[in-house]
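For reference, the structure discussed in these notes is given below.
Remember, it's 1-based here, ligands and their atoms both numbered in the order they're listed.
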Amino acid sequence: MNQMKTDILWAGRLAEKPEAEAFAFQSSITVDRRLAADDITGSRAHTAMLGKQGIIPAETAAALDRELANLAEELATGKLTIDDSAEDIHSFIEGELTRRLGDAGRMVHAGRSRNDQVVVDLRIYLKRAVPELCGELRATAAVLLDRAEEHAASVMPGYTHLQRAQPVSLGHWLCAWCAALERDLGRFTGALERLDECPLGSGALAGSGLPLDREATAKILGFRRPSLNSMDAVADRDFALELASACAILMTHLSRFCEDAVLWASEEFGFMSLAEKWSTGSSIMPQKKNPDFAELIRGKSGRVTGNLMALLTLLKGLPYAYDKDLQEDKEALFDSLDTARLCLRMFRGMMAGAVFNTARMEAACLGGFLEATDAAEYLVRKGLPFRRAHEAAAMAVRDCIAAGRRTIAESPLPELKKRSALFEDDVYAALSPAACVAARKLPGGPAPEEVRRQIGVLRMKLRG
Ligand code: ARG
C-alpha cells in the first residue's frame, strides 16, 4: 500500500488511498510550492483572527503563529525543504504544523477550505509578483527611452508593408514601442486593482457558520476588502485571465519589437549591430553572429498566447463553484508571468548593448523616394489641391526613375517645374531626410523636439 509521507487531509472519508501514480497525478505540489510563503502569510492572518474571535484558544493562536513564523524562516533558509510527496502546499504546511504542534496544528483549518485558501495564496503572491514584473517593464522602457533620447534626431526610414515609406527617426520608433509598453503597464495595474479582494471566509463555496471576521483577515493581509460572494470567490479566475492576457499582449509587443530588431541586425538592413554578448554563433558556420535572443523572445510569445487560450478553455463550461480543473490555472499563469518577466530582462539587455548604424539608417532614406509625400505637402503648402500635388510628386518620381536619379532633389528645377510650376528653389532644402522629419512636428510626429516631448510624457507615465 502507498505510504504518503505527509498526511492526506481527506483520508478520513475514504477507506482506500489512491495508487502512488494516481495520487501524484492529482497533486499540485510541484507547481504550488512557490506559494509556500504566501500560504503561511494567509494562515497567520487566519489563525490570528480565529484566536481573536475565540474560535480557537488565544494561546493556541499564539503557538500557531510562532510555528508558522518558524516555518517561513526555515523554508527561506533552506533548513526545511518542501516534501514533493505532499498533495499540495496547503497540506504540506498544515501537516508540518500538526507534526510539530499536535492538536494545535489540527485547529488551523477551522472555517477554511483549500478552495478559498488557494485563491488567497494566489492573490497574495500576485500582489508581490506582478509589481515586480511591472518594475521590469518600467526598467525596460527606461532603457528604450534613454536610447530614444540619444537618437531623437537619428533619421531612418519608416516602413509600411515593409517597404520604405517616409523618413522617421530612431527615437520616434523607440517611442512607438514604449507607448505600447505603457499600455501594457496599465493592463497589469488594472488587473492588480481588481484582484485586490480577500476570499478568506468563503470556505469551500458556502462560507462558514463559525463567527469568522472577514474584514479582519482582509485587513491583516492588506486587501482592500473581503470578496462579496463566497461562490464567486472560489470559482472566479478572472484575475488569472486578465494577467495571462496582459502577458500575452506584452509578449506580442515584444515579439514585434524583436522582429524589428532581427531585421535591423540583418546584413540587408544593417541598421543595428547587437553586442557580442547578446548574440550567438553557429556550430558550423564560423562567421555567424545570430540574434538568437530576439528570436527566442519572439518564439516564446507563442507559448504565452497558448497559456491564455489554455486558461480560457479551462474555465469555459466549468459548473459553479470550485472544480478541480481550476488547479490547472497556476501552471499556465506562472509560466506566463515568469516568461514575460524574463523576456523583458533579456530584451532590455539586448537593446541596451546594441549599436545603431546611424549613417546606414540615414543613407537608407535616400534612393527610395521617401521624400515624395513631403514634396507633395510642399506643393499643398503653396496652395495646390492635395490630389494634384500627389500626382505632380508622383510624376517627378517617375521622371527621376526614367533619368536614373536617386532622389527628387537631384532633379534640376526646370524639370520639376514641368510637373508643377509651384516648385521653387526652396524645395531642395525641404527634401533632405532630416528636413522631412523636422517638418513633421505635430503632436505624435517624428520631429526631434516632438520626440523629446513624447519621451518626457512616457517617462512620466512609466514612473514607478
Ligand atoms: N491544489 C488545489 C488547487 O490548486 C487546492 C484546492 C483543492 N481543493 C479541493 N477541493 N480539492 O486548486
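Close N/O approach between Arg237 and ligand 1 is not found [any backbone or side-chain N/O within under 3.5 Å]. Looking at ligand 1, you'll find an N or O of Gln327 within less than 3.5 Å of one of its N or O atoms.
Considering only non-hydrogen protein atoms, atom 12 (O) of ligand 1 sits nearest to Tyr322 OH, 2.5 Å. Nearest protein neighbour of atom 11 (N) of ligand 1, counting heavy atoms only, is Arg114 NH2, 3.8 Å. The nearest heavy-atom contact from the protein to atom 4 (O) of ligand 1 is Lys330 NZ, 2.6 Å. Scanning all protein heavy atoms for the shortest distance to atom 8 (N) of ligand 1 gives Asn115 OD1, 2.8 Å.
Checking Thr41 against Asp38 by side-chain atom types alone, no donor-acceptor pair falls below 3.5 Å. Counted by atom type alone, Ser43 and Arg112 present one or more donor-acceptor pairs between their side chains at under 3.5 Å.
Atom CD1 of residue Ile29 and atom NE2 of residue His90 lie 8.5 Å apart, to the nearest 0.5 angstrom.
Cation-pi geometry between Arg34 and Phe334 is satisfied (NZ or CZ under 6.0 Å from the ring centre, within 45° of the ring normal).
Put simply, no part of Glu87 is less than 4.0 Å from ligand 1, judged by heavy atoms.
Here Glu450 does not pair with Arg440 in a salt bridge; the nearest charged N to carboxylate O distance is not below 4.0 Å.
Contact record, Asp329 with Leu314: N-CD2, 3.8 Å, taken as the closest heavy-atom pair.
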